[in-house]
Amino acid sequence: DARVTQTPRHKVTEMGQEVTMRCQPILGHNTVFWYRQTMMQGLELLAYFRNRAPLDDSGMPKDRFSAEMPDATLATLKIQPSEPRDSAVYFCASGLVRDGRGVTDTQYFGPGTRLTVL
Amino acid sequence: QKEVEQNSGPLSVPEGAIASLNCTYSDRVSQSFFWYRQYSGKSPELIMSIYSNGDKEDGRFTAQLNKASQYVSLLIRDSQPSDSATYLCAVIRKIQGAQKLVFGQGTRLTINP
């Protein structure tokens, strides 16, 4: 059955290192979202893409975070350099926008990448 | 004021009873509302969506929306231990020309056998 996949599932790294998280959206979906979840802040939208074009990344710290979609089957989120405050679970979600509506009704979430920055 | 507010709980309900989860939102023009369920260590999954005032039922779940009061709720009838999870309320908001799904902090629900 179709699922969003994310790699790696867990990542432990040291402060200052580069971290790359990958997401494969559900085939045929045209919208991809990156979220970050922490106990303190809850689930926050970092960035989203439609048809591979970035629509909004206002939730993302620009100085260290970057998000791309090199092709329709791969989305990446990079943190460089990483900091301990970046420790969180990062979720990718995908969906399908139809008929010119702005946001998909149903977003399917991947299993998440649990990032720990020491 | 947070855009989407939920009581963080924990909310404890005996098995078989009705669990009632509440959510308020700040943007009066919001039109689309969702409830997601998230089990511990897992990703959120959509369980209900509602767009019109009133009630929407799906099995043991009923979503209720009152746009005048900016209030949306989720009722779980005949609650089961497997319903124990965190329930996230989400609202579509138009921010800087883009439509975004904004989540509440979630309510942790425990169903006691």
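This is a predicted model, so every value here is computed, not measured. Just so it is clear: chains get the letters A, B, ... in the order the sequence lines come, proteins before strands, and each one is counted from 1.
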Under the side-chain contact (heavy atoms from CB on, under 4.5 Å) rule, what do Leu101(B) and Gln107(A) come out as? Steps first, then yes or no, please. CA-CA 9 Å; Leu101(B) 197 57; Gln107(A) 295 185 21; 3.4 Å; yes
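- One hydrophobic cluster, built from ILVMFWY side chains closer than 4.5 Å, cannot hold both Val4(A) and Tyr48(A); they sit in different ones.
- Within 6.0 Å of the NZ atom in Lys11(A), the count of heavy atoms belonging to other residues, nucleotides or ligands does not exceed 12.
- Cluster membership for Ile111(B) and Leu11(B), using ILVMFWY side-chain heavy atoms within less than 4.5 angstrom, is shared.
- Screening Phe109(A), Tyr35(A), Tyr108(A) for a side chain to side chain contact (heavy atoms under 4.5 Å, CB included) with Ser43(B), the sole residue that qualifies is Phe109(A).
- By the neighbour-count criterion of 12 heavy atoms within 6.0 Å, atom CD of Glu14(A) is sparsely surrounded, having that number or fewer from other residues, nucleotides or ligands.
- When heavy atoms are compared at a cutoff of 4.5 Å, Leu43(A) approaches chain B by way of both its backbone and its side chain.
- Closest non-hydrogen pair, Phe91(A) versus Gln38(B), comes out as CZ-NE2, 3.7 Å.
- Heavy-atom neighbours of Glu57(B) CD from other residues, nucleotides or ligands within 6.0 Å: above the threshold of 12.
- Between Gln37(A) atom CD and Thr86(B) atom OG1 the span is 8.5 Å, to the nearest 0.5 Å.
- With a 4.5 angstrom heavy-atom cutoff, Glu45(B) does not touch chain A via any of its atoms.
- There is no path of hydrophobic side-chain contacts, each under 4.5 Å, that joins Trp34(A) to Leu45(A).
- Side-chain N/O atoms of Gln105(B) and Gln41(A) include no donor and acceptor closer than 3.5 Å.
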